[in-house]
Amino acid sequence: MEIPRCDFAFIGGSSTLSLDITKDLGLDWVKTEKAGMIFQTPFGDSPEFILLSLETEAEPRKILTCRMHGWRRGVSRADASRQVFWVLQSAGVKKIIAEGGVGAINHLLRPRDLVIPHDYIDVSMRKDVGLGERYLMIMREALCPRIRKIILDTAEKYWNKRVFDRGIYVNTDGRHFESPAEVNMFKMAGGDLVGQSLCPEVYLAREIGACYAGLYMVVNYAEGIVSPWQHEELTDIFNNEALNMASLIMECLRILPAEGICTCQELRKDTLLKKVYE
Ligand SMILES: [Zn+2]
């Protein structure tokens with residue numbers, strides 16, 4: 001199947017996992033152009049992609065979307081991430097928005113807060129996940145400041161709960177949650193949130209030359225912070241906030257400028273190790 005050209009992508013995480021965006025949101029300016037697209041990649045068949053079309057004041061805008069991609073049986077998280085970003089690269093995607101649920105390490109946060117992280121600490125074991133060896137990736141301002149600003153402005157308009165414009169996201173491997181001692185270590189290291197869906201995506205986005213940022217909803221306290229989390233509350237948040245989260249993301253994608261005033265492009269350089277790999 002041919003990969004459609006597209007400037008924008010949305011990677012859905014745990015908050016929007018169960019949604020059919022077009023049907024469930026019922027927004028007349030969001031349409032499904034094509035669903036059920038699976039592409040062949042050098043890393044195996046991709047997860048299912050959907051091509052959305054958003055009406056804007058100018059031309060309708062195409063958005064390539066896929067869901068949380070680590071959950072297919074027999075496909076490793078690393079391969080799934082490579083498949084997704086190989087497709088996004090082939091489509092020519094320039095701007096990516098991701099979302100997910102996170103645990104609060106910072107005790108000032110509480111469930112249903114929205115955080116737009118500005119930096120991260122990767123404690124996963126997957127740091128070598130890439131598409132090739134061509135580039136040297138600088139992870140300064142890894143979360144595009146321009147997209148973050150647009151998410152912030154949009155969230156302040158539409159999200160009727162608290163929004164934080166910065167935070168340090170600690171990325172763990174999962175699938176289990178973290179132990180109280182681990183969370184305490186992350187806290188001492190300066191982490192505000194803990195989750196499993198920012199890395200390796202942030203590296204892969206840099207590698208394909210795309211801007212990347214995400215918005216993350218606090219769904220529980222991390223172990224040992226404030227109070228033990230309740231499964232009922234977690235379920236309630238997922239069920240009741242998914243639609244709000246998805247419509248907020250659609251609003252962001254609708255107004256995101258195609259050409260960014262940011263320095264993301266300059267933070268990817270040709271590798272100095274070229275000779276070694278040739
Ligand atoms: Zn950028």
Side-chain angles (χ1 to χ4, degrees), residues 3-13 49 52 54 56 58-59 61-66 69 81-82 84-100 102 114-122 127 129-132 134-159 163-169 171 192-193 195 197-216 245 248-271:
I3 299 174
R5 296 293 301 173
C6 195
D7 286 337
F8 303 90
F10 162 52
I11 301 177
F49 277 82
L52 296 176
L54 308 190
T56 67
E59 295 278 290
R61 168 172 287 190
K62 304 260 187 295
I63 314 281
L64 206 46
T65 76
C66 67
H69 41 270
S81 305
R82 287 192 190 99
V84 168
F85 277 81
W86 191 87
V87 171
L88 299 185
Q89 183 177 41
S90 309
V93 165
K94 292 279 164 280
K95 311 268 170 195
I96 303 166
I97 293 185
E99 66 86 14
V102 287
L114 206 62
V115 187
I116 308 160
H118 70 292
D119 208 345
Y120 66 91
I121 298 171
D122 185 7
K127 294 181 183 64
V129 176
L131 301 177
R134 261 188 76 188
Y135 299 110
L136 178 126
M137 273 100 62
I138 300 163
M139 302 315 287
R140 187 187 317 136
E141 294 205 294
L143 288 312
C144 174
R146 175 78 175 145
I147 303 186
R148 285 178 45 229
K149 177 75 169 69
I150 286 173
I151 298 175
L152 176 69
D153 292 347
T154 315
E156 284 184 336
K157 221 157 135 192
Y158 296 102
W159 189 258
V163 183
F164 293 83
D165 66 348
R166 53 184 41 247
I168 296 179
Y169 185 119
N171 194 96
D192 296 305
L193 324 156
S197 63
L198 194 132
C199 305
E201 287 77 358
V202 74
Y203 312 126
L204 287 160
R206 186 68 96 216
E207 185 171 353
I208 70 168
C211 294
Y212 184 92
L215 61 167
Y216 300 87
M245 190 77 165
L248 175 57
I249 291 161
M250 290 302 117
E251 290 287 352
C252 294
L253 287 164
R254 191 188 199 182
I255 58 168
L256 197 60
E259 302 303 325
I261 311 159
C262 62
T263 53
C264 296
Q265 301 298 322
E266 294 155 32
L267 297 171
R268 181 184 74 166
K269 314 271 189 208
D270 284 332
T271 180

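The figures that follow rest on heavy atoms only: side chains count, while hydrogens, waters and symmetry mates do not. When a ligand or atom number is given, it counts from 1 through the structure's own listing order.
Tyr203 and Tyr120 have perpendicular rings, their planes meeting at more than 60° on a 0 to 90° scale where under 30° would count as parallel.
Interatomic distance, CG of Leu253 versus OG1 of Thr154, reported as 9.5 Å (0.5 Å rounding). To the nearest 0.5 Å, the span separating CE on Met137 from CG on Leu204 amounts to 7.5 Å.
With sequence neighbours left out, the salt bridge (Lys or Arg N to Asp or Glu O under 4.0 Å) criterion links Arg82 to Asp79.
Counting heavy atoms from C-beta on, the side chains of Phe8 and Arg61 come closer than 4.5 Å.
Ion pairing between Asp153 and Lys149 holds under the 4.0 Å rule for side-chain N and carboxylate O.
For the Zn ion (ligand 1), the set of protein N/O/S atoms nearer than 2.8 Å consists of Cys144 SG, Cys211 SG, Cys262 SG, Cys264 SG, ordered by chain and number.
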